[in-house]
Amino acid sequence: MPNETSPAQGSDAEAILSVRDLVVTFGSFTAVNGTSFDLFPGETLAVVGESGSGKSVTALSIMRLVELGTRGKIEQGEILFRRDNGEVVDLVGLSENEMREVRGNDISMIFQEPLTSLNPVYTVGNQVAEAVQLHQGVDKAEGMARALEMFQQVRIPDPEQRLEQFPHEMSGGMRQRVMIAMALSCDPRVLIADEPTTALDVTIQAQILGLMRDLRQTTGAAVMIITHDMGVVAEVADRVVVMNQAEIVEQGDVYDLFENPRERYTQALLAAVPRLGSMTGLDEPAPFDLVEMETVEMKQVDS
Amino acid sequence: MTGLFVNDVEVEAVAPPGREALRLFFRNRAAVFGLILLIFMILMTYLGPSLYDQDPSRIIAIPLEGPGTEDIPAFGTDYLGRDVLAGVVNGGDTTLRVSLVATLIMVLIGVSIGAIAGFYGGRVDTLLMRFTEVFQVMPGLLFALVIVTLFEPAWWKVAIAIGVVLWPSLARLTRAEFLRLRNLEFVKAAQAIGTSDFRIMFRVLLPNAMPPLIVATTLGMGAAILFEAALAFLGLGDPNDVSWGYLIGQNRGSVLGGWWTVTFPGLAIFTTVLSFSLIGDGLQDAFNPKLRGR
(Lines give C-alpha, C1' and ligand atoms only; values in the text may rest on other atoms or scores of the structure.)
Protein backbone atom coordinates (compact mmCIF):
# COMPACT_ATOMS: atom_id res chain seq x y z
CA MET A 1 0.00 0.00 0.00
CA PRO A 2 1.38 3.41 -0.87
CA ASN A 3 2.46 5.46 2.03
CA GLU A 4 -0.09 8.10 2.93
CA THR A 5 2.36 10.26 4.81
CA SER A 6 4.68 10.57 1.84
CA PRO A 7 5.58 14.18 1.18
CA ALA A 8 3.39 15.56 -1.52
CA GLN A 9 5.26 16.69 -4.54
CA GLY A 10 4.61 20.38 -4.69
CA SER A 11 4.10 21.84 -8.11
CA ASP A 12 6.52 24.64 -7.29
CA ALA A 13 9.20 22.24 -6.07
CA GLU A 14 12.37 22.31 -8.10
CA ALA A 15 13.66 18.97 -9.32
CA ILE A 16 16.80 17.78 -7.56
CA LEU A 17 17.68 15.65 -10.54
CA SER A 18 16.50 16.16 -14.11
CA VAL A 19 17.38 13.71 -16.82
CA ARG A 20 16.93 15.32 -20.22
CA ASP A 21 16.89 13.43 -23.49
CA LEU A 22 19.46 10.89 -22.37
CA VAL A 23 20.91 8.54 -25.00
CA VAL A 24 23.28 5.77 -23.94
CA THR A 25 24.83 3.31 -26.34
CA PHE A 26 26.95 0.18 -26.11
CA GLY A 27 28.70 0.04 -29.46
CA SER A 28 25.92 0.01 -32.02
CA PHE A 29 23.29 -0.95 -29.46
CA THR A 30 21.18 1.82 -27.97
CA ALA A 31 20.36 0.97 -24.37
CA VAL A 32 18.63 4.22 -23.44
CA ASN A 33 17.00 6.29 -26.15
CA GLY A 34 15.96 9.84 -25.33
CA THR A 35 14.86 9.40 -21.74
CA SER A 36 13.62 12.44 -19.78
CA PHE A 37 12.28 12.53 -16.24
CA ASP A 38 12.57 14.51 -13.02
CA LEU A 39 13.21 13.53 -9.44
CA PHE A 40 11.90 15.89 -6.77
CA PRO A 41 13.26 16.28 -3.24
CA GLY A 42 11.81 13.85 -0.75
CA GLU A 43 9.90 11.73 -3.24
CA THR A 44 10.30 8.12 -4.28
CA LEU A 45 10.34 7.56 -7.98
CA ALA A 46 10.02 4.00 -9.24
CA VAL A 47 11.50 3.10 -12.60
CA VAL A 48 9.86 -0.09 -13.80
CA GLY A 49 10.22 -2.26 -16.84
CA GLU A 50 11.31 -5.71 -17.87
CA SER A 51 14.91 -6.89 -18.05
CA GLY A 52 16.88 -5.04 -20.69
CA SER A 53 14.51 -2.09 -20.83
CA GLY A 54 17.29 0.31 -19.87
CA LYS A 55 16.40 0.90 -16.21
CA SER A 56 19.78 -0.02 -14.76
CA VAL A 57 21.71 1.69 -17.53
CA THR A 58 19.79 4.89 -16.77
CA ALA A 59 20.80 4.59 -13.12
CA LEU A 60 24.44 3.83 -13.94
CA SER A 61 24.46 6.81 -16.31
CA ILE A 62 23.34 9.14 -13.55
CA MET A 63 26.28 7.86 -11.46
CA ARG A 64 28.42 8.07 -14.62
CA LEU A 65 29.45 4.48 -13.93
CA VAL A 66 28.17 3.28 -17.27
CA GLU A 67 31.39 4.35 -18.94
CA LEU A 68 33.61 2.49 -16.49
CA GLY A 69 34.40 -1.09 -17.31
CA THR A 70 31.20 -1.71 -19.24
CA ARG A 71 32.11 0.33 -22.33
CA GLY A 72 28.85 2.21 -22.40
CA LYS A 73 28.76 5.75 -23.75
CA ILE A 74 26.49 8.66 -22.99
CA GLU A 75 25.87 9.90 -26.52
CA GLN A 76 23.74 12.89 -25.72
CA GLY A 77 21.49 14.43 -23.14
CA GLU A 78 21.85 16.18 -19.83
CA ILE A 79 21.71 14.98 -16.27
CA LEU A 80 21.06 18.12 -14.24
CA PHE A 81 21.74 17.88 -10.54
CA ARG A 82 20.82 20.64 -8.12
CA ARG A 83 23.48 21.11 -5.47
CA ASP A 84 22.87 22.07 -1.84
CA ASN A 85 23.48 25.70 -2.67
CA GLY A 86 20.97 25.68 -5.51
CA GLU A 87 23.60 25.59 -8.24
CA VAL A 88 22.64 23.25 -11.07
CA VAL A 89 25.37 21.13 -12.66
CA ASP A 90 25.26 18.83 -15.65
CA LEU A 91 26.74 15.55 -14.44
CA VAL A 92 27.50 14.51 -18.02
CA GLY A 93 29.99 17.35 -18.30
CA LEU A 94 31.85 16.71 -15.05
CA SER A 95 35.38 15.36 -15.02
CA GLU A 96 36.09 12.00 -13.43
CA ASN A 97 37.54 13.74 -10.36
CA GLU A 98 34.55 16.03 -9.92
CA MET A 99 32.25 13.07 -10.41
CA ARG A 100 34.04 11.15 -7.67
CA GLU A 101 33.09 13.92 -5.28
CA VAL A 102 29.45 13.53 -6.26
CA ARG A 103 29.36 9.76 -5.93
CA GLY A 104 28.55 8.60 -2.44
CA ASN A 105 28.41 12.17 -1.21
CA ASP A 106 25.56 13.73 -3.20
CA ILE A 107 24.22 10.69 -5.02
CA SER A 108 24.50 7.17 -3.65
CA MET A 109 23.58 3.86 -5.12
CA ILE A 110 22.73 0.45 -3.77
CA PHE A 111 22.83 -2.64 -5.88
CA GLN A 112 20.79 -5.69 -6.58
CA GLU A 113 23.09 -8.32 -5.14
CA PRO A 114 23.77 -7.80 -1.46
CA LEU A 115 25.73 -11.05 -1.51
CA THR A 116 28.40 -9.68 -3.84
CA SER A 117 28.14 -5.94 -3.26
CA LEU A 118 30.41 -6.00 -0.22
CA ASN A 119 34.12 -6.60 -0.38
CA PRO A 120 34.75 -10.05 1.15
CA VAL A 121 38.16 -9.18 2.63
CA TYR A 122 37.17 -6.26 4.86
CA THR A 123 34.84 -6.13 7.84
CA VAL A 124 31.55 -4.43 7.11
CA GLY A 125 32.29 -1.69 9.65
CA ASN A 126 35.50 -0.90 7.82
CA GLN A 127 33.67 -0.58 4.53
CA VAL A 128 31.09 1.84 5.84
CA ALA A 129 33.81 3.83 7.63
CA GLU A 130 35.77 3.96 4.38
CA ALA A 131 32.88 5.67 2.59
CA VAL A 132 32.70 8.28 5.36
CA GLN A 133 36.46 8.80 5.38
CA LEU A 134 36.51 9.31 1.61
CA HIS A 135 34.11 12.24 1.67
CA GLN A 136 34.20 13.82 5.10
CA GLY A 137 37.93 13.88 5.64
CA VAL A 138 37.65 12.26 9.06
CA ASP A 139 39.96 9.72 10.66
CA LYS A 140 39.33 6.02 11.12
CA ALA A 141 37.85 6.34 14.62
CA GLU A 142 35.32 8.95 13.56
CA GLY A 143 34.49 6.89 10.49
CA MET A 144 33.80 3.86 12.67
CA ALA A 145 31.69 5.95 15.03
CA ARG A 146 29.62 7.12 12.08
CA ALA A 147 29.37 3.50 10.84
CA LEU A 148 28.01 2.47 14.23
CA GLU A 149 25.48 5.29 14.10
CA MET A 150 24.40 4.18 10.62
CA PHE A 151 24.10 0.54 11.71
CA GLN A 152 21.74 1.65 14.46
CA GLN A 153 19.80 3.73 11.97
CA VAL A 154 19.29 0.80 9.59
CA ARG A 155 18.34 -1.32 12.62
CA ILE A 156 21.07 -3.90 12.55
CA PRO A 157 20.88 -5.79 15.84
CA ASP A 158 24.03 -5.81 18.01
CA PRO A 159 25.66 -3.10 15.89
CA GLU A 160 28.91 -3.08 17.87
CA GLN A 161 29.53 -6.77 17.19
CA ARG A 162 28.26 -6.57 13.63
CA LEU A 163 30.79 -3.88 12.76
CA GLU A 164 33.55 -6.43 13.25
CA GLN A 165 32.01 -9.09 11.04
CA PHE A 166 32.95 -10.02 7.52
CA PRO A 167 30.27 -10.00 4.81
CA HIS A 168 30.18 -13.79 4.59
CA GLU A 169 29.21 -13.97 8.25
CA MET A 170 26.00 -12.05 7.55
CA SER A 171 22.71 -12.99 5.93
CA GLY A 172 21.54 -11.40 2.70
CA GLY A 173 19.08 -9.10 4.45
CA MET A 174 21.74 -7.90 6.89
CA ARG A 175 24.15 -7.28 4.05
CA GLN A 176 21.59 -5.18 2.21
CA ARG A 177 21.15 -3.17 5.41
CA VAL A 178 24.92 -2.65 5.46
CA MET A 179 24.78 -1.50 1.84
CA ILE A 180 22.04 0.97 2.72
CA ALA A 181 24.04 2.17 5.72
CA MET A 182 27.05 2.67 3.46
CA ALA A 183 25.00 4.50 0.82
CA LEU A 184 23.42 6.82 3.37
CA SER A 185 26.53 7.38 5.50
CA CYS A 186 27.39 10.69 3.84
CA ASP A 187 23.82 12.02 3.81
CA PRO A 188 23.34 11.91 0.04
CA ARG A 189 20.50 13.92 -1.41
CA VAL A 190 19.66 11.27 -3.95
CA LEU A 191 19.65 7.53 -3.36
CA ILE A 192 19.44 5.24 -6.37
CA ALA A 193 18.40 1.71 -5.50
CA ASP A 194 18.89 -0.76 -8.34
CA GLU A 195 16.52 -3.63 -7.59
CA PRO A 196 17.38 -3.56 -3.88
CA THR A 197 15.06 -6.39 -2.96
CA THR A 198 15.16 -8.68 -5.97
CA ALA A 199 17.71 -11.05 -4.44
CA LEU A 200 15.97 -11.20 -1.08
CA ASP A 201 13.09 -13.39 0.02
CA VAL A 202 9.68 -11.88 0.55
CA THR A 203 9.74 -11.27 4.31
CA ILE A 204 13.17 -9.64 4.13
CA GLN A 205 11.98 -7.61 1.12
CA ALA A 206 9.18 -6.15 3.20
CA GLN A 207 11.63 -5.24 5.98
CA ILE A 208 14.07 -3.56 3.62
CA LEU A 209 11.32 -1.62 1.85
CA GLY A 210 9.91 -0.50 5.19
CA LEU A 211 13.38 0.57 6.23
CA MET A 212 13.94 2.53 3.05
CA ARG A 213 10.61 4.28 3.48
CA ASP A 214 11.46 5.28 7.04
CA LEU A 215 14.93 6.44 6.10
CA ARG A 216 13.59 8.57 3.31
CA GLN A 217 11.45 10.35 5.85
CA THR A 218 14.25 10.86 8.37
CA THR A 219 16.94 11.85 5.87
CA GLY A 220 14.78 13.61 3.31
CA ALA A 221 16.74 12.06 0.45
CA ALA A 222 15.02 11.63 -2.87
CA VAL A 223 14.90 7.95 -3.81
CA MET A 224 14.94 6.48 -7.27
CA ILE A 225 14.08 2.82 -7.05
CA ILE A 226 14.53 0.52 -9.99
CA THR A 227 12.45 -2.60 -10.03
CA HIS A 228 10.42 -4.96 -12.15
CA ASP A 229 8.19 -5.86 -9.24
CA MET A 230 4.86 -4.01 -9.34
CA GLY A 231 4.31 -4.99 -5.71
CA VAL A 232 7.38 -3.00 -4.72
CA VAL A 233 6.16 -0.06 -6.77
CA ALA A 234 2.80 -0.07 -5.02
CA GLU A 235 4.57 -0.36 -1.67
CA VAL A 236 6.98 2.56 -1.88
CA ALA A 237 6.59 4.79 -4.91
CA ASP A 238 5.07 8.24 -5.21
CA ARG A 239 5.57 8.44 -8.94
CA VAL A 240 6.35 5.84 -11.58
CA VAL A 241 8.33 5.84 -14.79
CA VAL A 242 7.61 2.87 -17.06
CA MET A 243 10.37 1.90 -19.44
CA ASN A 244 10.31 -0.50 -22.36
CA GLN A 245 12.94 -1.10 -25.01
CA ALA A 246 15.16 1.83 -24.06
CA GLU A 247 12.35 4.37 -24.00
CA ILE A 248 9.97 5.76 -21.43
CA VAL A 249 6.48 4.53 -22.16
CA GLU A 250 4.54 6.37 -19.51
CA GLN A 251 5.15 8.29 -16.33
CA GLY A 252 2.90 9.62 -13.66
CA ASP A 253 1.56 9.49 -10.16
CA VAL A 254 1.45 5.98 -8.74
CA TYR A 255 -2.29 6.07 -7.98
CA ASP A 256 -3.21 7.31 -11.43
CA LEU A 257 -0.95 4.82 -13.09
CA PHE A 258 -2.31 1.84 -11.20
CA GLU A 259 -5.91 2.92 -11.58
CA ASN A 260 -5.83 4.11 -15.09
CA PRO A 261 -2.79 3.03 -17.10
CA ARG A 262 -2.90 4.82 -20.41
CA GLU A 263 -0.41 2.86 -22.44
CA ARG A 264 -0.91 -0.68 -23.65
CA TYR A 265 2.48 -1.71 -22.32
CA THR A 266 1.72 -0.46 -18.83
CA GLN A 267 -1.57 -2.34 -18.89
CA ALA A 268 0.25 -5.51 -19.89
CA LEU A 269 2.86 -5.01 -17.19
CA LEU A 270 0.20 -4.60 -14.52
CA ALA A 271 -1.82 -7.53 -15.84
CA ALA A 272 1.27 -9.72 -15.63
CA VAL A 273 1.21 -9.65 -11.83
CA PRO A 274 -0.16 -12.99 -10.63
CA ARG A 275 -3.36 -12.72 -8.63
CA LEU A 276 -3.67 -14.21 -5.23
CA GLY A 277 -6.24 -16.96 -5.28
CA SER A 278 -6.12 -17.51 -9.02
CA MET A 279 -5.14 -21.14 -8.43
CA THR A 280 -8.07 -21.82 -6.12
CA GLY A 281 -9.79 -25.09 -6.92
CA LEU A 282 -6.85 -26.59 -8.81
CA ASP A 283 -5.25 -29.77 -7.49
CA GLU A 284 -1.79 -28.97 -8.81
CA PRO A 285 0.07 -25.76 -9.46
CA ALA A 286 -0.34 -24.62 -13.05
CA PRO A 287 1.64 -22.09 -15.06
CA PHE A 288 0.20 -18.62 -15.28
CA ASP A 289 -1.19 -17.56 -18.62
CA LEU A 290 1.23 -15.61 -20.73
CA VAL A 291 0.31 -11.98 -21.05
CA GLU A 292 0.38 -10.73 -24.63
CA MET A 293 0.56 -7.04 -25.13
CA GLU A 294 -1.84 -7.15 -28.08
CA THR A 295 -4.60 -9.05 -26.33
CA VAL A 296 -4.20 -7.90 -22.76
CA GLU A 297 -7.29 -7.15 -20.75
CA MET A 298 -7.10 -5.35 -17.47
CA LYS A 299 -8.09 -7.51 -14.56
CA GLN A 300 -10.65 -6.14 -12.27
CA VAL A 301 -9.18 -5.55 -8.86
CA ASP A 302 -11.62 -6.48 -6.13
CA SER A 303 -12.05 -3.71 -3.67
CA MET B 1 34.61 -22.22 14.87
CA THR B 2 32.95 -19.56 12.79
CA GLY B 3 31.08 -21.22 9.98
CA LEU B 4 29.20 -19.71 7.11
CA PHE B 5 25.87 -19.09 8.73
CA VAL B 6 23.09 -18.03 6.51
CA ASN B 7 19.43 -17.95 7.34
CA ASP B 8 17.52 -16.45 4.49
CA VAL B 9 19.58 -16.90 1.38
CA GLU B 10 21.78 -19.48 -0.15
CA VAL B 11 25.33 -18.31 -0.15
CA GLU B 12 27.98 -19.08 -2.71
CA ALA B 13 31.20 -20.63 -1.44
CA VAL B 14 33.35 -17.84 -0.07
CA ALA B 15 37.11 -18.03 0.04
CA PRO B 16 38.05 -18.42 3.68
CA PRO B 17 39.60 -15.29 5.10
CA GLY B 18 43.18 -15.23 6.29
CA ARG B 19 42.66 -16.87 9.64
CA GLU B 20 40.87 -19.89 8.23
CA ALA B 21 43.54 -20.26 5.56
CA LEU B 22 46.24 -20.16 8.22
CA ARG B 23 44.48 -22.91 10.16
CA LEU B 24 44.31 -25.09 7.04
CA PHE B 25 47.96 -24.34 6.33
CA PHE B 26 49.09 -25.54 9.73
CA ARG B 27 47.09 -28.73 9.37
CA ASN B 28 49.03 -29.54 6.21
CA ARG B 29 52.04 -31.64 7.24
CA ALA B 30 54.10 -31.06 4.10
CA ALA B 31 53.63 -27.31 4.41
CA VAL B 32 54.62 -27.27 8.07
CA PHE B 33 57.68 -29.35 7.21
CA GLY B 34 58.56 -26.76 4.56
CA LEU B 35 58.15 -23.98 7.08
CA ILE B 36 60.42 -25.78 9.57
CA LEU B 37 63.06 -26.30 6.85
CA LEU B 38 62.89 -22.62 5.95
CA ILE B 39 63.19 -21.50 9.56
CA PHE B 40 66.18 -23.81 9.97
CA MET B 41 67.87 -22.37 6.88
CA ILE B 42 67.21 -18.81 8.01
CA LEU B 43 68.55 -19.50 11.49
CA MET B 44 71.62 -21.14 9.98
CA THR B 45 72.19 -18.17 7.72
CA TYR B 46 71.80 -15.43 10.28
CA LEU B 47 72.93 -17.08 13.51
CA GLY B 48 75.32 -19.62 11.97
CA PRO B 49 78.21 -17.23 11.22
CA SER B 50 78.39 -16.12 14.85
CA LEU B 51 78.04 -19.66 16.23
CA TYR B 52 80.57 -21.07 13.79
CA ASP B 53 82.94 -18.15 13.50
CA GLN B 54 85.22 -19.15 10.63
CA ASP B 55 86.31 -17.14 7.60
CA PRO B 56 85.01 -18.94 4.50
CA SER B 57 87.74 -17.50 2.25
CA ARG B 58 90.73 -18.40 4.41
CA ILE B 59 92.81 -21.41 3.54
CA ILE B 60 92.93 -23.50 6.66
CA ALA B 61 94.14 -26.95 5.64
CA ILE B 62 95.33 -28.98 2.72
CA PRO B 63 92.88 -29.03 -0.22
CA LEU B 64 90.18 -31.63 -0.74
CA GLU B 65 90.25 -33.34 2.62
CA GLY B 66 86.98 -35.17 3.08
CA PRO B 67 84.64 -34.93 6.04
CA GLY B 68 85.60 -37.13 8.93
CA THR B 69 89.33 -36.62 8.48
CA GLU B 70 91.07 -35.68 11.69
CA ASP B 71 91.42 -31.93 12.41
CA ILE B 72 89.34 -31.11 9.38
CA PRO B 73 86.00 -29.24 9.68
CA ALA B 74 82.81 -31.30 9.46
CA PHE B 75 82.17 -30.73 5.72
CA GLY B 76 85.80 -31.09 4.63
CA THR B 77 87.91 -28.61 2.64
CA ASP B 78 87.56 -27.40 -0.94
CA TYR B 79 90.01 -27.36 -3.83
CA LEU B 80 92.01 -24.55 -2.21
CA GLY B 81 91.85 -25.91 1.31
CA ARG B 82 89.04 -23.59 2.51
CA ASP B 83 86.43 -24.66 5.04
CA VAL B 84 83.32 -25.93 3.20
CA LEU B 85 81.14 -25.69 6.34
CA ALA B 86 82.13 -22.05 6.79
CA GLY B 87 81.22 -21.49 3.14
CA VAL B 88 77.79 -23.09 3.52
CA VAL B 89 77.09 -21.17 6.72
CA ASN B 90 78.15 -17.83 5.23
CA GLY B 91 76.79 -18.40 1.72
CA GLY B 92 73.14 -18.22 2.67
CA ASP B 93 73.21 -14.51 3.33
CA THR B 94 74.01 -13.50 -0.26
CA THR B 95 71.68 -16.10 -1.73
CA LEU B 96 68.72 -15.10 0.41
CA ARG B 97 69.35 -11.37 0.11
CA VAL B 98 69.65 -11.50 -3.68
CA SER B 99 66.60 -13.69 -4.13
CA LEU B 100 64.51 -11.67 -1.67
CA VAL B 101 65.28 -8.40 -3.42
CA ALA B 102 64.75 -10.07 -6.81
CA THR B 103 61.35 -11.30 -5.63
CA LEU B 104 60.43 -7.83 -4.39
CA ILE B 105 61.32 -6.39 -7.78
CA MET B 106 59.30 -9.11 -9.46
CA VAL B 107 56.27 -8.31 -7.27
CA LEU B 108 56.62 -4.55 -7.73
CA ILE B 109 56.82 -4.64 -11.53
CA GLY B 110 54.58 -7.66 -12.04
CA VAL B 111 51.72 -6.57 -9.81
CA SER B 112 51.75 -2.95 -11.02
CA ILE B 113 51.72 -3.82 -14.69
CA GLY B 114 49.25 -6.66 -14.26
CA ALA B 115 46.95 -4.51 -12.13
CA ILE B 116 46.88 -1.60 -14.56
CA ALA B 117 46.41 -3.88 -17.57
CA GLY B 118 43.64 -5.89 -15.92
CA PHE B 119 41.82 -2.91 -14.44
CA TYR B 120 41.78 -0.57 -17.41
CA GLY B 121 41.59 -3.22 -20.14
CA GLY B 122 41.27 -2.15 -23.76
CA ARG B 123 44.21 -0.49 -25.42
CA VAL B 124 46.18 -0.09 -22.18
CA ASP B 125 45.87 -3.81 -21.60
CA THR B 126 46.93 -4.72 -25.13
CA LEU B 127 49.94 -2.44 -24.96
CA LEU B 128 51.12 -3.64 -21.57
CA MET B 129 50.60 -7.30 -22.42
CA ARG B 130 52.62 -7.01 -25.64
CA PHE B 131 55.34 -5.35 -23.56
CA THR B 132 55.15 -8.23 -21.08
CA GLU B 133 55.40 -10.76 -23.87
CA VAL B 134 58.61 -9.16 -25.10
CA PHE B 135 60.15 -10.02 -21.74
CA GLN B 136 58.49 -13.38 -21.56
CA VAL B 137 59.84 -14.70 -24.85
CA MET B 138 63.43 -13.82 -23.98
CA PRO B 139 65.41 -16.76 -22.59
CA GLY B 140 65.60 -15.79 -18.95
CA LEU B 141 69.03 -16.98 -17.99
CA LEU B 142 70.66 -15.51 -21.09
CA PHE B 143 68.96 -12.19 -20.51
CA ALA B 144 70.12 -12.09 -16.88
CA LEU B 145 73.62 -13.06 -18.05
CA VAL B 146 73.70 -10.13 -20.44
CA ILE B 147 72.53 -7.67 -17.82
CA VAL B 148 75.06 -8.89 -15.27
CA THR B 149 78.01 -8.98 -17.67
CA LEU B 150 77.25 -5.49 -18.98
CA PHE B 151 77.78 -3.96 -15.55
CA GLU B 152 80.21 -4.46 -12.71
CA PRO B 153 78.89 -7.37 -10.69
CA ALA B 154 77.27 -6.38 -7.41
CA TRP B 155 74.65 -8.28 -5.47
CA TRP B 156 71.89 -5.77 -6.14
CA LYS B 157 72.56 -5.77 -9.87
CA VAL B 158 72.17 -9.54 -9.84
CA ALA B 159 68.92 -9.08 -7.91
CA ILE B 160 67.60 -6.59 -10.48
CA ALA B 161 68.54 -8.90 -13.35
CA ILE B 162 66.65 -11.79 -11.76
CA GLY B 163 63.64 -9.65 -10.88
CA VAL B 164 63.41 -8.35 -14.43
CA VAL B 165 63.46 -11.92 -15.75
CA LEU B 166 60.80 -13.20 -13.36
CA TRP B 167 58.11 -10.51 -13.39
CA PRO B 168 56.16 -11.36 -16.59
CA SER B 169 54.46 -14.47 -15.21
CA LEU B 170 53.32 -12.58 -12.13
CA ALA B 171 52.04 -9.73 -14.27
CA ARG B 172 49.94 -12.17 -16.30
CA LEU B 173 48.56 -13.78 -13.16
CA THR B 174 47.70 -10.41 -11.60
CA ARG B 175 46.02 -9.30 -14.81
CA ALA B 176 43.96 -12.49 -14.96
CA GLU B 177 42.82 -12.05 -11.36
CA PHE B 178 41.93 -8.39 -11.92
CA LEU B 179 39.97 -9.25 -15.05
CA ARG B 180 38.01 -11.80 -13.03
CA LEU B 181 37.35 -9.44 -10.13
CA ARG B 182 36.85 -6.20 -12.02
CA ASN B 183 33.24 -6.86 -12.99
CA LEU B 184 32.10 -8.05 -9.58
CA GLU B 185 29.44 -5.99 -7.91
CA PHE B 186 31.54 -4.79 -4.99
CA VAL B 187 33.90 -3.02 -7.37
CA LYS B 188 30.94 -1.13 -8.81
CA ALA B 189 29.74 -0.47 -5.27
CA ALA B 190 33.16 0.94 -4.36
CA GLN B 191 33.06 3.20 -7.41
CA ALA B 192 29.56 4.26 -6.45
CA ILE B 193 30.82 5.69 -3.15
CA GLY B 194 33.49 7.65 -5.01
CA THR B 195 36.60 5.50 -4.55
CA SER B 196 39.50 6.50 -6.81
CA ASP B 197 40.91 4.13 -9.42
CA PHE B 198 44.16 3.78 -7.47
CA ARG B 199 42.34 2.80 -4.30
CA ILE B 200 40.13 0.39 -6.21
CA MET B 201 43.16 -1.30 -7.71
CA PHE B 202 45.25 -1.59 -4.60
CA ARG B 203 42.79 -1.53 -1.71
CA VAL B 204 39.74 -3.22 -3.22
CA LEU B 205 40.97 -5.57 -5.94
CA LEU B 206 44.47 -6.45 -4.80
CA PRO B 207 43.51 -7.89 -1.39
CA ASN B 208 40.98 -10.10 -3.18
CA ALA B 209 43.63 -11.24 -5.65
CA MET B 210 46.12 -11.99 -2.86
CA PRO B 211 45.81 -15.77 -2.47
CA PRO B 212 47.14 -16.78 -5.91
CA LEU B 213 49.66 -13.94 -5.83
CA ILE B 214 51.06 -15.04 -2.48
CA VAL B 215 51.44 -18.55 -3.82
CA ALA B 216 53.13 -17.32 -7.01
CA THR B 217 55.45 -15.07 -5.01
CA THR B 218 56.50 -17.91 -2.72
CA LEU B 219 57.23 -20.13 -5.68
CA GLY B 220 58.97 -17.17 -7.36
CA MET B 221 61.27 -16.93 -4.35
CA GLY B 222 62.37 -20.51 -5.03
CA ALA B 223 62.92 -19.69 -8.69
CA ALA B 224 64.97 -16.63 -7.72
CA ILE B 225 67.24 -18.75 -5.52
CA LEU B 226 67.87 -21.15 -8.41
CA PHE B 227 68.58 -18.21 -10.71
CA GLU B 228 71.01 -16.68 -8.26
CA ALA B 229 72.74 -20.03 -7.89
CA ALA B 230 73.00 -20.41 -11.66
CA LEU B 231 74.48 -16.94 -12.11
CA ALA B 232 76.92 -17.40 -9.23
CA PHE B 233 77.86 -20.82 -10.57
CA LEU B 234 78.78 -19.18 -13.85
CA GLY B 235 80.91 -16.75 -11.87
CA LEU B 236 78.70 -13.75 -12.55
CA GLY B 237 77.94 -12.84 -8.97
CA ASP B 238 80.04 -10.48 -6.92
CA PRO B 239 83.30 -12.42 -6.44
CA ASN B 240 83.64 -10.98 -2.94
CA ASP B 241 80.33 -12.49 -1.84
CA VAL B 242 80.31 -16.13 -0.90
CA SER B 243 77.11 -17.76 -2.04
CA TRP B 244 76.00 -21.36 -2.41
CA GLY B 245 75.98 -21.20 -6.18
CA TYR B 246 79.41 -19.58 -6.16
CA LEU B 247 80.79 -22.41 -3.97
CA ILE B 248 79.49 -25.03 -6.39
CA GLY B 249 80.87 -23.10 -9.35
CA GLN B 250 84.29 -22.74 -7.75
CA ASN B 251 84.52 -26.42 -6.96
CA ARG B 252 83.02 -27.81 -10.15
CA GLY B 253 86.43 -29.17 -11.17
CA SER B 254 86.63 -31.33 -8.09
CA VAL B 255 83.21 -32.97 -8.26
CA LEU B 256 84.78 -36.41 -8.70
CA GLY B 257 87.70 -36.00 -6.33
CA GLY B 258 85.84 -34.19 -3.58
CA TRP B 259 82.06 -34.77 -3.66
CA TRP B 260 81.64 -32.89 -0.38
CA THR B 261 82.77 -29.60 -1.90
CA VAL B 262 79.65 -29.36 -4.07
CA THR B 263 77.22 -31.62 -2.24
CA PHE B 264 76.84 -29.52 0.90
CA PRO B 265 76.25 -26.16 -0.81
CA GLY B 266 73.97 -28.02 -3.22
CA LEU B 267 71.99 -29.48 -0.35
CA ALA B 268 71.62 -26.00 1.11
CA ILE B 269 70.13 -24.72 -2.16
CA PHE B 270 67.96 -27.80 -2.50
CA THR B 271 66.61 -27.49 1.04
CA THR B 272 65.79 -23.82 0.71
CA VAL B 273 64.07 -24.15 -2.66
CA LEU B 274 62.19 -27.22 -1.43
CA SER B 275 61.01 -25.32 1.63
CA PHE B 276 59.60 -22.53 -0.53
CA SER B 277 57.90 -25.05 -2.84
CA LEU B 278 56.29 -26.88 0.06
CA ILE B 279 55.13 -23.61 1.63
CA GLY B 280 53.79 -22.41 -1.72
CA ASP B 281 51.85 -25.63 -2.26
CA GLY B 282 50.57 -25.50 1.28
CA LEU B 283 49.36 -21.93 0.82
CA GLN B 284 47.68 -22.88 -2.43
CA ASP B 285 45.76 -25.66 -0.71
CA ALA B 286 44.93 -23.46 2.25
CA PHE B 287 43.56 -20.65 0.13
CA ASN B 288 41.61 -22.96 -2.09
CA PRO B 289 40.52 -26.12 -0.28
CA LYS B 290 38.43 -27.12 -3.28
CA LEU B 291 41.57 -27.77 -5.30
CA ARG B 292 42.82 -30.38 -2.87
CA GLY B 293 42.70 -33.54 -4.90
CA ARG B 294 43.34 -36.01 -2.12
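Numbers restart at 1 for each chain; the letters A, B, ... are given by sequence-line order, proteins then strands.
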- Note on the structure: Bottom line for A/Met99: the part with an atom under 4.5 Å from chain B's heavy atoms is neither
- Item | Selection from B/Leu181, B/Val187, B/Asn208, B/Thr195 maximising heavy-atom pairs under 4.5 Å formed with chain A | B/Asn208
- Query: Around atom CZ of B/Phe40, are there more than 12 heavy atoms of other residues, nucleotides or ligands at under 6.0 Å?
  - Reply: no
- All heavy atoms of B/Ala189 vs all of A/Ser117, minimum pair found to be CB-O, 3.5 Å
- Task: Evaluate the side-chain proximity of A/Arg100 to B/Asp197: yes if any heavy-atom separation is below 4.5 Å, no if none is.
- Result: yes
- Query: How long is the span from the CG atom in A/Asn126 to the CZ atom in B/Arg203, to the nearest 0.5 Å?
  - Reply: 7.0 Å
- What part of A/Leu118 is in contact with chain B, defined as an atom under 4.5 angstrom from a non-hydrogen atom: side chain, backbone, both or neither? backbone
- Query: In Å and rounded to the nearest 0.5 Å, what is the CE to CD1 distance from A/Met109 to B/Ile193?
  - Reply: 13.5 Å
- Message: So B/Val204 and A/Asn119, do their side chains get closer than 4.5 Å, heavy atoms only?
- Response: yes
- Could you tell me whether B/Phe25 atom CZ has more than 12 heavy atoms of other residues or ligands within 6.0 Å of it? yes
- Item | Heavy-atom neighbours of B/Phe270 CZ exceed 12 at 6.0 Å | no
- Are the side chains of A/Val121 and B/Met210 in touch, meaning some heavy atoms are under 4.5 Å apart? no
- Item | Proximal component of A/Ile107, with respect to chain B [non-hydrogen, under 4.5 Å] | backbone
